[in-house]
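All remarks here apply to the structure that follows.
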Number of protein chains: 2
Amino acid sequence: MQTEVRELLKKSRLSITDSRQRILDLFLRTEGALSHADIEKRIADGIDRVTIYRTLQVFEEKGIIHTIPSADNSIKYALCKEDCAEGHHHDNHVHFVCDSCSKTICLDHVHVPDIKLPKGFYPRESNMVVSGVCSECL
Amino acid sequence: MQTEVRELLKKSRLSITDSRQRILDLFLRTEGALSHADIEKRIADGIDRVTIYRTLQVFEEKGIIHTIPSADNSIKYALCKEDCAEGHHHDNHVHFVCDSCSKTICLDHVHVPDIKLPKGFYPRESNMVVSGVCSECL
DNA sequence: GTAACTGCAAAATATTTGCATCCTT
DNA sequence: AAGGATGCAAATATTTTGCAGTTAC
């Protein structure tokens, strides 16, 4: 397994276990976001389902991955870029879900625009998900 | 039960049943969005859980309500305004989730801005959820 | 009367928790 | 050695499906 994976875990002060390495490695090798089910499917020789739940939770708390909201009861997770820190996400980019291949992609360079809210509303965090057709499915 | 409820159902060519009237009435009386669980809790003398699932599904198909994506595996539903039609939602407004009272509110007058996507990406629909503090929780 | 809707039971899924064991540091 | 992580079993919770009885039109 790559050194990169171990470095990432070390940076987050997480012990370097086999499951964590394999799950994080999968994220690094995957373009686009992964759901719990995706991970279960794609890690051949099984990590326990419960361990996946716990790993995703820890990774999210540590700012290694962030969640992408969805309207179909299936949260997806994607790697955070450098500017995420423990307990403090800055996944301030637009997410794209392809209607055709149903991949979910972080458009890291497309920022969520600031919104003028009505009087009395104070924003903390914005999330934007655009669906349509991705560049590979034209 | 109000005439408004029956009119709405009639307009969508749905038969006017007790469950549908009560669920739709709840939406009309509620500010903000409702999850399946909310509905179950707030309709005192129980409608079957399964009926609630099926009713929400039909309402969504008919353009009476729309879903609001979330990052916690709990879809919320909110009434559509006039411009939603069968199989064709235009809930093109920003949704606000209050961190304090955790209400989800449709900001009907705040439109989701158009986004400039990278080459090759074609948008069909955008969703935006802003969280923070709402005007009642200041 | 007929098609559509509902409730119940049950199946299928998904998520959480407790605990004994194993692994990392 | 000690604390944390994992797997397993089991408890909960959520969603889906089939079907028989009921209701709207």
* Rounded to the nearest Å, what distance is computed from the CD1 atom of residue B:Ile23 to the P atom of nucleotide C:dT6? -> 8 Å
* Asked: Between C:dT25, D:dC25, D:dT6, which nucleotide gets closest to the side-chain atoms of A:Thr55?
  -> D:dT6
* Asked: side chain to side chain donor-acceptor pair (under 3.5 Å) between B:Thr55 and B:Arg20: does it pass, once the steps are laid out?
  -> CA-CA 7 Å; B:Thr55 303; B:Arg20 286 176 181 167; 5.1 Å; no
* Asked: What are the two closest non-hydrogen atoms of B:Leu14 and B:Val58, and how far apart are they?
  -> CD2-CG1, 3.4 Å
* Can you spot which of B:His66, B:Glu61, B:Glu60, B:Lys62 makes a side-chain contact (heavy atoms from CB on, under 4.5 Å) with B:Ile64? => B:Lys62
* Pairs flagged by ring pair (Phe, Tyr, Trp, His ring centres under 6.0 Å) wherever residues 5-29 of chain B is involved - sequence neighbours left out -> none
* Asked: Which letters describe nucleotides 12-18 of chain D, given B = protein heavy atom under 4.0 Å from base, S = only from sugar-phosphate, - = neither?
  -> --SBBBB
* **d(CD, A:Gln21; P, C:dT24) in whole Å** => 9 Å
* Structure fact -> Rounded to whole Å, CD of B:Glu40 lies from C1' of C:dG7 at a distance of 13 Å
* Asked: Is there a path from A:Val94 to B:Tyr122 through hydrophobic residues (I, L, V, M, F, W, Y) whose side chains come within less than 4.5 Å of each other?
  -> no
* To do: Measure from CG on A:Asp48 to C1' on D:dA10 and round the result to the nearest Å.
  => 13 Å
* Between A:Leu56 (CG) and C:dT16 (C1'), how many Å, whole number? -> 14 Å
* Within the pair A:Ser15 and C:dC23, is there a side-chain N or O less than 4.0 Å away from OP1 or OP2? -> no
* Under 3.5 Å, is there a donor-acceptor pair between the side chain of B:Asp25 and the main chain of B:Arg22? -> no
* Structure fact -> So CD1 of A:Ile68 and NE2 of A:His95: to nearest 0.5 Å the spacing works out to 3.5 Å
* Asked: Tell me: CZ of A:Arg13 to C1' of D:dG3, nearest whole Å?
  -> 16 Å
* Check whether any side-chain nitrogen or oxygen of A:Thr17 sits under 4.0 Å from OP1 or OP2 of C:dT24, and answer yes or no. => no
* To do: Rounded off to whole Å, could you give me the CD1-to-C1' distance for the A:Ile75 and C:dT16 pair?
  => 14 Å
* Would you indicate which nucleotide in C:dT6, D:dT6, D:dC8 comes nearest to any side-chain atom of B:Arg20? => C:dT6
* Figure out the CZ/C1' separation between A:Phe59 and D:dA5, and round it to whole Å. => 12 Å
